[in-house]
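Following: one structure in structure tokens, then a few remarks.
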Protein chains: 2
Amino acid sequence: MNTSSQNCPAQKLLKALSGKWKPQIFKMATNAPVRFNQLLRDLEGANKQTLATALREMVEEEILVKSVIQEKPLHITYTLSEKGNSLVNVFVALEQLSNGDA
Amino acid sequence: MNTSSQNCPAQKLLKALSGKWKPQIFKMATNAPVRFNQLLRDLEGANKQTLATALREMVEEEILVKSVIQEKPLHITYTLSEKGNSLVNVFVALEQLSNGDA
DNA sequence: TCAATTAGTCAAAAAAACATGACCACCATG
DNA sequence: CATGGTGGTCATGTTTTTTTGACTAATTGA
């Protein structure tokens, strides 16, 4: 592994948005804060480990913010960060380009 | 593999931009048309197969256009398509978000 | 004609991503 | 005190991606 292959700034961010589940997670988070078991139910076919990893990476890349809600049964939510919010436009652009407009 | 996990429109496009070499290939193509062996030399650590696969996927996703230049030594170039050009803004946005602005 | 450059393909192996099932701790209800 | 929900981790296996190295075919220059 050399180093000259990793000096593209967009790469890490791109990675934190790509993969089998991250795009859906991101889209769901644009609607409302998401929760672990809720995602597990909604994203049929996804499993705990994969989801945990995806969420961790998205938090590390500061797309999502993990917050512990100190209510009765102790919730944890994942919310779009400011950076995440800025990415919404990017995502919209990508979706439009996916739908055949040049 | 279930189907409900693949219905995010941006996903394919995102995949055609992500990975170990595609971001760099894309960036280089924004400067000038790129060529196979040129990429092989510039992207140190990359190999033929991976590059061929990356280029094929980017062409399939219509980010790049492959053209055979009928000159003396018969060149093949990969150029940004219209779609590819539209993605430049997206990329710029991603890079800016990578550099710490919220 | 020999060597080098062009742009690749193919089979196989190594590495990374993703999935499975077991397990943990915490809290609440019955 | 068992049952179920919260949000995970861990070891293991499968699947996908990336790398390695050998090979091809056309063109060019010495």
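Protein chains get the first letters and strands the later ones, always in sequence-line order, with residue 1 at the start of each.
- Residues Leu74(B) and Gln70(B) approach most closely at CD1-OE1, 3.5 Å, considering heavy atoms.
- Clustering ILVMFWY residues whenever any of their side-chain heavy atoms sit less than 4.5 angstrom apart, transitively, puts Val65(A) in a cluster other than the one holding Val88(A).
- Scanning residues 49-58 of chain B for heavy-atom distances under 4.0 Å to DNA chain C yields Gln49(B), Ala52(B), Arg56(B).
- Residues Glu57(B) and Lys22(B) are paired through a salt bridge, judged by an N-O separation under 4.0 Å between the basic side chain and the carboxylate.
- Among residues two or more places apart in sequence or in another chain, the side-chain hydrogen bond (donor to acceptor under 3.5 Å, both in side chains) test is passed with Ser81(B) by none.
- With sequence neighbours left out, the salt bridge (charged side-chain N to carboxylate O under 4.0 Å, His left out) criterion links Lys12(B) to Glu61(B).
- Nearest to the side-chain atoms of Trp21(A) among the listed nucleotides dC18(C), dA17(C), dT18(D) stands dC18(C).
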Give each protein N/O atom lying under 3.5 Å from an N/O atom of nucleotides 2-6 of chain C, with the pair distance.
{"unit_1": "dT6(C)", "atom_1": "OP1", "unit_2": "Arg41(B)", "atom_2": "NH1", "d": "3.4"}
{"unit_1": "dT6(C)", "atom_1": "OP2", "unit_2": "Arg41(B)", "atom_2": "NH1", "d": "3.4"}
{"unit_1": "dT6(C)", "atom_1": "O5'", "unit_2": "Asn37(B)", "atom_2": "ND2", "d": "3.4"}

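- Shown here are the salt bridge (charged side-chain N to carboxylate O under 4.0 Å, His left out) partners of Lys27(B), two or more places apart in sequence or in another chain: Glu95(B).
- Not one side-chain nitrogen or oxygen of Lys20(A) sits closer than 4.0 Å to the OP1 or OP2 atom of dT17(D).
- Rounded to an integer number of Å, the gap from Leu14(A) CG to dA17(C) P is 14 Å.
- Listed by chain and residue number, nothing satisfies the salt bridge (charged side-chain N to carboxylate O under 4.0 Å, His left out) test with Lys66(B) (two or more places apart in sequence, or in another chain).
- Counting only heavy atoms from C-beta outward, the side chains of Val90(B) and Asn89(A) never approach each other to under 4.5 Å.
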